[in-house]
Amino acid sequence: MESLSKLSHDPLQHTTTLPSTLLSQQLHSIFLKLLSFSTVILLASIEAFFILHQWKPIFHFLFLCSFILFFILKIFLSKAPPVYLVDFSCFKPPSFCRIPFASFLENASLFQFHDAESLSFMAKILTTSGQSEETCVPPALHYIPPKTHLRESIKEVHMVLFPVMEDLLSKTGLSPRDIDILIVNCSGFCPCPSFSSIIINKYSMRSDIKSYTLSGMGCSASALAIDMAQSLLKIHRNSYALVLSTEILSSGWYSGNDRTKLLLNCLFRTGSAAILLSNRKESKKYSKYILFRTLRTQRAFDDKAYFSAFREEDSEGNLGVTLKRDLLQVAGETLRSNITVLGYSILPLSEKLWHGVSILWKKFIDKSSEIYVPNFKTVIQHFCLPTSGRPVIREIAKGLKLGDRDMEAALMTLHRFGNQSSSSLWYELAYLEAKESVNKGDKVWQLGMGSGPKCNSVVWECIRPIIGESKRGPWADCICRYPIMDLD
C-alpha cells in the first residue's frame, strides 16, 4: 500500500509540466471549435458565390446537403461518450468495531446522557430495525463517554476512506495520479480542508484534478455523486472519475433525549465505498457495467418536505437530526415523482400505456379506482433499495410491486452491516455480485433517498460476466450464511 500514498514526485514538475490528458482535452476542444468555425465560413462563402453568379438551383441543393452533413458530423463528434463502471470496493469494518445490542445499550446507559425512557426506546428500535449483532460503529463511539471531537472524526475519515481507495486502485491497477475527477460525499461532517483535499494530500494526486466535496445530501449522496460524475465526464473526455461515499458517525452522536433525534444513533453504522468510473473507449473491455440512466428529483421547495428531516438543536442545546412523523409520507411523494419520470424513460410502451390509461380512468370515470403501478421488472432485473430500516424497505418494495427476492439485497445488507447511509447501495450491489446473481445484459437499479428531501436513481447495465466476487469484498467471510429470510 505504501506505493499508493505519498509518492515522491518533483514539485517543480507539478507546476511546469502540463499533464498529457489535460493537453489532449484542450487540443480536442480547440480542434472542434476551429472546425466548426471554418466550416461555417466556407459554406457561407460558397453560398454567397452561388448567389452573386446566379448559379443553377442544383448547386444550392448541394450546398444545403453539405450544410446538413456538417451538422450531422458535428453532433456525432460532440456526442458524449458512454460512462463505464470499471469496478468498486466496499470497506469491511474491523472486528473490534462490532457493537452488539447489549454493548450498545450498556454503553449508552453509562454515557449519562440518556434517561431510562430513551434507553428503552433505543432498545426497541434496535430489535425491530432488521440489524444483526454484527454491525459496527467507529472506535470513538466505543469510549465512555464517546469521543466526538474533531480529531477523532478525522481519524475515522482515515480509517474508512484510505483502505477502500487503496483496495480499488489495487484491483484496477491504477495510480492515484491517473484519476482526473474526484468526488467525495459525506452528509454530516464537513472538515476544513475538505474531504477531497484530504485524499489529494494523502496520495499526492495531480495538481489539475477536478475535485468536489458533497455534504448534507443524506443517504442519496452516492447516487447523486454518480450523476454528477456523469455530467463531468460528458465534458472531460478520456478521463477517470473516482467517487468516495461514506458517513462519519463520531461527530453525529446525539446526546439528548428527544426521541425524534435518537433514531439515527440506533440505525447508522460504519461503512464506505469507492467507485471508479471512466469514459475511455478501452475501459469497455474490462469494466463491469455501463451507465444506462440517471435521474434526480427533489421536493425542497415544499416546507413540509423540507423540514421532515432536519438537523437542529434540542431544547438543551444538543445537536441532532430530527425525523418528523410525516417523513414516510414525504418519502413516498418524493419517490413517486422520481419513478414516474424514470418509468416513462425506460419502461416498454405497453407499461406506459396501462399507466396512462389508469390515470385517465381515475380522473374522468372512476375516482375510487387505483392507478396502475408499472412493472419495473420488465426492464430491471435487480434492485438496490434504501436501507433505512426493514419497514421502509418493505414499504418501498410494496409500492413498486416487488417480491422477497427483489428486496433481498437491501434486507441482507441492513442485517449484516446496518444502514451505512449513501454507501449502502454499493454493499447491496456487492451482495448481488457475491451471489453471482448479475448476468451480462442485466440491469441494476440503485435507488437513493436522502434529506432535502431528494430521490436519485442510477440504472446500470452489466456488460460482462461477473464471477469470483464471493471470495473477496465485504461479504467474503459470510455470504454462505445468506440469505436469512426469517427476519421478522
Inter- and intrachain pairs under side chain to side chain donor-acceptor pair (under 3.5 Å), touching residues 355-364, at least two apart: none
Walk me through it: do L411 and R394 pass the test side-chain contact (heavy atoms from CB on, under 4.5 Å)? CA-CA 9 Å; L411 288 172; R394 294 197 180 280; 3.9 Å; yes
Distance-only polar pair, side chains of T322 and K261, donor-acceptor under 3.5 Å: yes
Looking only at non-hydrogen atoms, find the nearest pair between I290 and P82 and report the distance. CD1-CB, 3.6 Å
Would you call E469 and K288 a salt bridge, using N to O less than 4.0 angstrom? yes
Below 6.0 angstrom between ring centroids: does that apply to F101 and F104? no
Heavy-atom distance under 4.5 Å between the side chains of D406 and I380, does that happen here? no
Indicate yes or no: does K171 engage E166 in a salt bridge with an N to O separation below 4.0 Å. no
Taking side chain to side chain contact (heavy atoms under 4.5 Å, CB included) as the criterion, tell me which of L267, L263, T135 meets it with S129. L267
Carefully, step by step, assess F383 and W460 under the rule ring pair (Phe, Tyr, Trp, His ring centres under 6.0 Å). CA-CA 11 Å; F383 299 84; W460 303 98; over 10 Å; no
Enter the distance from C90:SG to Y431:OH here, rounded to the nearest 0.5 Å. 14.5 Å
Take the angle between the ring planes of H158 and F162 and call it parallel below 30°, perpendicular above 60°, tilted in between. parallel
Looking at F292, I'd like to know if the NZ or CZ of K443 sits under 6.0 Å from its six-membered ring centre while staying within 45 degrees of the ring's axis. yes
Does a side-chain N-to-carboxylate-O contact under 4.0 Å join D178 and R206? no
So that I can tick it off, tell me whether E282 and K285 are bridged by a salt bridge, with the cut-off set at under 4.0 angstrom between side-chain N and carboxylate O. no
What's the shortest heavy-atom distance between P139 and M159, and which atoms? CD-SD, 3.9 Å
D442 meets the salt bridge (Lys or Arg N to Asp or Glu O under 4.0 Å) criterion, sequence neighbours left out, with none
Could you walk me through whether L276 and Y240 pass the side-chain contact (heavy atoms from CB on, under 4.5 Å) check? CA-CA 7 Å; L276 181 66; Y240 285 113; 4.2 Å; yes
In chain order, what residues pass the salt bridge (Lys or Arg N to Asp or Glu O under 4.0 Å) check against K92, with sequence neighbours excluded? D477
Lys NZ or Arg CZ of K435 over Y482 ring: under 6.0 Å, within 45°: no
